[in-house]
Amino acid sequence: MKSEPYAYSIKDLKNEVETLWDGIRNYQARNFMRSMKIGDKAFFYHSNTKPPGIVGLMEIIETKLVDPYQFDESSKYYDKKSNRDNPRWDCVKTKYISEFKNMLTLNELSETYTSEELTLVRKGNRLSIMPIKKEIALEILKKLEKN
DNA sequence: GCCAACGTTGGC
DNA sequence: GCCAACGTTGGC
């Protein structure tokens, strides 16, 4: 799950412990979020920064929550086409697990994995939430725990 | 700042 | 339903 560190970083999550993963306004990303289950783990990825990469680990602690900002006219995430009876956008709540001592950069990930193995490294990929194969996730986790 | 790779919008 | 124009994301 990507976040620009200027907007919300792994340090912010560490301080707050839990956060609503709101502001997702892309159907594909939303659908991936909808498929999440309580107890699932997710990597926290810093995007649009130098260097981008995986910086931490978190857990999904609540699912299928209505994203409140879609009804907030003052929010940049306001969506006038959404309605309360059938909200268009939902989100999950995540909980901090750990911040890695050394981040795993996108550059390192691209050198290690093909885009078939890891969607994240696909050229031009803009999805802010995407699934990861379990065996790849475990491999990455092992690598991160070693450093 | 550039641009690839989308996603969205709206006219038809 | 098609598609041109435009907007967004995010790496480089």
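We name chains A, B, ... by the order of the sequence lines, and we start the count at 1 in each one.
A straight line from CG of Asn26(A) to P of dT9(C) spans 9 Å, rounded to a whole angstrom. Note: CZ (Arg25(A)) to P (dT9(C)) measures 12 Å, nearest angstrom. Atom pair Ile24(A):CD1 and dT9(C):C1' shows a separation of 12 Å (rounding to whole Å applied). When the C1' atom of dT9(B) is taken as reference, atom CG of Asp79(A) falls 13 Å away, rounded to whole Å.
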Short N/O separations, protein against nucleotides 6-8 of chain C, under 3.5 angstrom:
{"residue": "dG7(C)", "atom": "N2", "partner": "Arg126(A)", "partner atom": "NH1", "Å": "3.4"}
{"residue": "dT8(C)", "atom": "O2", "partner": "Arg126(A)", "partner atom": "NH1", "Å": "2.3"}

For nucleotides 2-5 of chain C, give me every protein contact, N/O to N/O, under 3.5 Å, one pair per line with atom names.
none

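Put simply, the side chain of Met130(A) reaches to within 4.5 Å of the side chain of Asn125(A), judged on heavy atoms. Here the side chains of Ile132(A) and Thr119(A) are not in contact, with every heavy-atom distance at 4.5 Å or above.
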Residues 7-22 of chain A side chain polar contacts: donor-acceptor under 3.5 Å, at least two apart:
{"residue": "Tyr8(A)", "atom": "OH", "partner": "Glu16(A)", "partner atom": "OE1", "Å": "3.1"}
{"residue": "Ser9(A)", "atom": "OG", "partner": "Lys11(A)", "partner atom": "N", "Å": "3.2"}
{"residue": "Ser9(A)", "atom": "OG", "partner": "Asp12(A)", "partner atom": "N", "Å": "3.3"}
{"residue": "Ser9(A)", "atom": "OG", "partner": "Asp12(A)", "partner atom": "OD2", "Å": "3.4"}
{"residue": "Lys11(A)", "atom": "NZ", "partner": "Glu99(A)", "partner atom": "OE1", "Å": "3.4"}
{"residue": "Lys11(A)", "atom": "NZ", "partner": "Glu99(A)", "partner atom": "OE2", "Å": "2.7"}
{"residue": "Asp12(A)", "atom": "OD2", "partner": "Ser9(A)", "partner atom": "N", "Å": "2.8"}
{"residue": "Lys14(A)", "atom": "NZ", "partner": "Glu99(A)", "partner atom": "OE1", "Å": "3.3"}
{"residue": "Asn15(A)", "atom": "ND2", "partner": "Lys11(A)", "partner atom": "O", "Å": "3.3"}

Which atom pairs, one a donor and one an acceptor, fall under 3.5 Å between side chains of residues 29-45 of chain A and the rest of the protein, sequence neighbours left out?
{"residue": "Arg30(A)", "atom": "NH1", "partner": "Arg88(A)", "partner atom": "O", "Å": "2.9"}
{"residue": "Asn31(A)", "atom": "ND2", "partner": "Tyr27(A)", "partner atom": "O", "Å": "3.2"}
{"residue": "Arg34(A)", "atom": "NE", "partner": "Asp90(A)", "partner atom": "OD2", "Å": "2.8"}
{"residue": "Arg34(A)", "atom": "NH2", "partner": "Asp90(A)", "partner atom": "OD2", "Å": "2.9"}
{"residue": "Ser35(A)", "atom": "OG", "partner": "Phe32(A)", "partner atom": "O", "Å": "2.7"}
{"residue": "Asp40(A)", "atom": "OD2", "partner": "Lys37(A)", "partner atom": "N", "Å": "2.8"}

Which atom pairs, donor and acceptor, lie under 3.5 Å between side-chain atoms of residues 49-61 of chain A and protein residues at least two apart or in another chain?
{"residue": "Thr49(A)", "atom": "OG1", "partner": "Tyr6(A)", "partner atom": "OH", "Å": "3.4"}

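Annotation for Tyr69(A): hydrophobic cluster partners, listed by chain and number, are Tyr77(A) (ILVMFWY side-chain heavy atoms under 4.5 Å, direct or chained). Residue Phe71(A) is found in a hydrophobic cluster whose other members, listed by chain and number, are Val66(A); membership requires side-chain heavy atoms under 4.5 Å apart, directly or through intermediates.
Qualifying side chain to side chain contact (heavy atoms under 4.5 Å, CB included) partners for Thr114(A), counting only residues two or more places apart in sequence or in other chains: Glu116(A), Glu117(A). Residues passing the side chain to side chain donor-acceptor pair (under 3.5 Å) test with Thr105(A) are Glu108(A), sequence neighbours excluded. Taking Ser98(A) as the reference, nothing meets the side chain to side chain donor-acceptor pair (under 3.5 Å) condition, with sequence neighbours excluded.
Within residues 114-123 of chain A, the residues approached by DNA chain B to less than 4.0 Å at the level of any non-hydrogen atom are Arg122(A), Lys123(A), in residue-number order.
For the salt bridge (Lys or Arg N to Asp or Glu O under 4.0 Å) condition, no pair includes a residue of residues 120-140 of chain A, sequence neighbours left out.
In terms of phosphate contacts, Tyr6(A) brings no side-chain nitrogen or oxygen within less than 4.0 Å of OP1 or OP2 of dG10(C).
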